[in-house]
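Here the structure is laid out as structure tokens; the discussion comes afterwards.
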Amino acid sequence: MSTFATAVKRAISDKSPIVALESTIISHGLPRPANLEVALEVEAIVRANGATPATIAMIDGEVHIGLEPNELDRIANDTNVAKASTRDLAIFAAKGFSAATTVAATAQIAHAAGISYFATGGLGGVHSGARESWDESADLFALATTPITVICAGVKSILDVAATLERLETFGIPLIGYKTDRFPGFYLIDSGFPLEHRVDSVSEIVQILSKRRQLKTDNCALIVANPVETEMARTTHDQLLKAGLESAAAKNITGKVVTPFLLDFFHNASNGESLRVNIEIIKSNAKLAAQIAAAAQ
Ligand code: PSU
Ligand code: MN
């Protein structure tokens, strides 16, 4: 059912560290041609920090764990690549479609393949207006049921952050800040909400992971929140957020296209600023994920 890239196959047999990477950010989260450049750089960062990258996607109905360069190119440049959450995987597989995987789908595929570390940009969560729309990312439920360590810059600031934090608590998903006491807001260093738990080193994270196994509380994800270093200008951010949400509402954007729409709105309207931050985020999370994976060996 799944095809493993050569390097990933080797890493599995050597029992050397592997970091899973999602592909929705490549095909639906970043504009071309930056998306392919970033995807390649992110893989190089994982390697430079002692782990093997495994970018996950579906190609012609087949799940790929690790992409060869031509496959990464296809995910980045083929406009027919769909967005697959967990529920879409079997349907797309049966139809022979190609699709990028979200955090939810990537986490589940990675776990099934025995991969324990996963880097992404920002997690999906509860959308603003969810009281009426019920729009809540499938990422939350997947993280509640998948044992994996996810390194991210918090949740996208386009979401209802307070509601998302409550849902993470309800689902029992542990959340730790890396060198921060504040929950990061993707484009922003601080989403405005505090974190209960902070760590200041990779070794502390490794210790927590080992305690999770001992206490058998490792049946869900552990989220490591790693804030961006140079955030987006706050005034630009707040203006764009308001305009983006208004535009989505005016255009009746619903369902799985909401997140790509808003990310694209930010990229178009921020003069490259949101793109710069988005790239910094994914690179820095990939680095930290590789360091954790290598240290946990
Ligand atoms: N973070 C990014 N860019 C993205 C995403 C996250 O920096 O494109 C994607 C992830 O794949 C995440 C998805 O799982 O957005 C959430 O989509 P939704 O809100 O429809 O669940
Ligand atoms: Mn949604």
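One-based numbering, in listed order, for ligands and for the atoms of each. Please read all numbers here as calculations on a predicted model, not as lab measurements.
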Query - ligand 1-proximal atoms of Asn278, by part, heavy-atom distance under 4.0 Å - result: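 Asn278 to ligand 1: side-chain contact only, backbone stays beyond 4.0 Å.
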Distance-only side-chain donor-acceptor flag, [X] / [Y], under 3.5 Å:
X      : Y      : value
Thr52  : Arg47  : no
Ser27  : Asn35  : no
His237 : Ser157 : yes

Query - Atoms of type N/O/S from protein, distance to the Mn ion (ligand 2) below 2.8 Å - result: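 With waters ignored, the protein N/O/S count below 2.8 Å is 1.
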**Report entry** ligand 1 N/O within reach of Glu22 N/O, cut-off under 3.5 Å
**Finding:**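 Yes, since at least one N or O of Glu22 sits under 3.5 Å from an N or O of ligand 1.
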Query raised in the report: Is there any N or O on Thr101 that sits under 3.5 Å from an N or O of ligand 1?
Result: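 Such a contact does not occur with ligand 1.
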Requested in this report: Measure the distance from atom 5 (C) of ligand 1 to every protein heavy atom, then report the residue, atom name and distance (to 0.1 Å) of the closest one.
Outcome: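 Nearest protein contact, heavy atoms only, for atom 5 (C) of ligand 1 is Lys156 NZ, 3.5 Å.
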Query - For atom 2 (C) of ligand 1, closest protein heavy-atom neighbour - result: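 Protein heavy atom at minimum distance: Ile25 CD1, 3.7 Å.
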Query raised in the report: Between Thr102 and Thr24, does a side-chain hydrogen bond (donor to acceptor under 3.5 Å, both in side chains) hold up when you go through it step by step?
Result: CA-CA 5 Å; Thr102 62; Thr24 296; 5.3 Å; no
Requested in this report: Describe, in one word, how the ring planes of Phe266 and Tyr187 are oriented to each other, choosing from parallel (under 30°), tilted (30 to 60°) and perpendicular (over 60°).
Outcome: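 The rings of Phe266 and Tyr187 lie parallel, inter-plane angle below 30°.
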Which ligand 1 atoms does [X] reach within 4.0 Å, using its non-hydrogen atoms?
X      : result
His127 : 19 (O)
Asp139 : 12 (C), 14 (O), 16 (C)
Thr259 : 15 (O), 17 (O), 18 (P), 19 (O), 20 (O)
Thr102 : 11 (O), 14 (O)
Phe186 : 2 (C), 7 (O)
Leu263 : 3 (N), 4 (C), 8 (O)
Val103 : 10 (C), 11 (O), 12 (C), 14 (O)

**Report entry** From Lys256, His28, Lys83 - option closest to atom 17 (O) of ligand 1 by heavy atom
**Finding:**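 Looking at heavy atoms only, the winner is Lys83.
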Requested in this report: Pick, from Gly122, Ser274, Pro260, Ala84, the option with the minimum heavy-atom distance to atom 1 (N) of ligand 1.
Outcome: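 Closest candidate by heavy-atom distance is Gly122.
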Query raised in the report: Is Leu222 close to Val150 at the side-chain level, that is, under 4.5 Å between some pair of heavy atoms?
Result: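 No, side chains not in contact.
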Report task. State the OG1-CD distance between Thr164 and Glu136, to the nearest 0.5 angstrom. Result ->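 Interatomic distance, Thr164 OG1 to Glu136 CD, rounded to 0.5 Å: 7.5 Å.
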**Report entry** Phe183/Phe193 aromatic ring centres below 6.0 Å
**Finding:**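 Not close enough - the centres of the two rings lie 6.0 Å or further apart.
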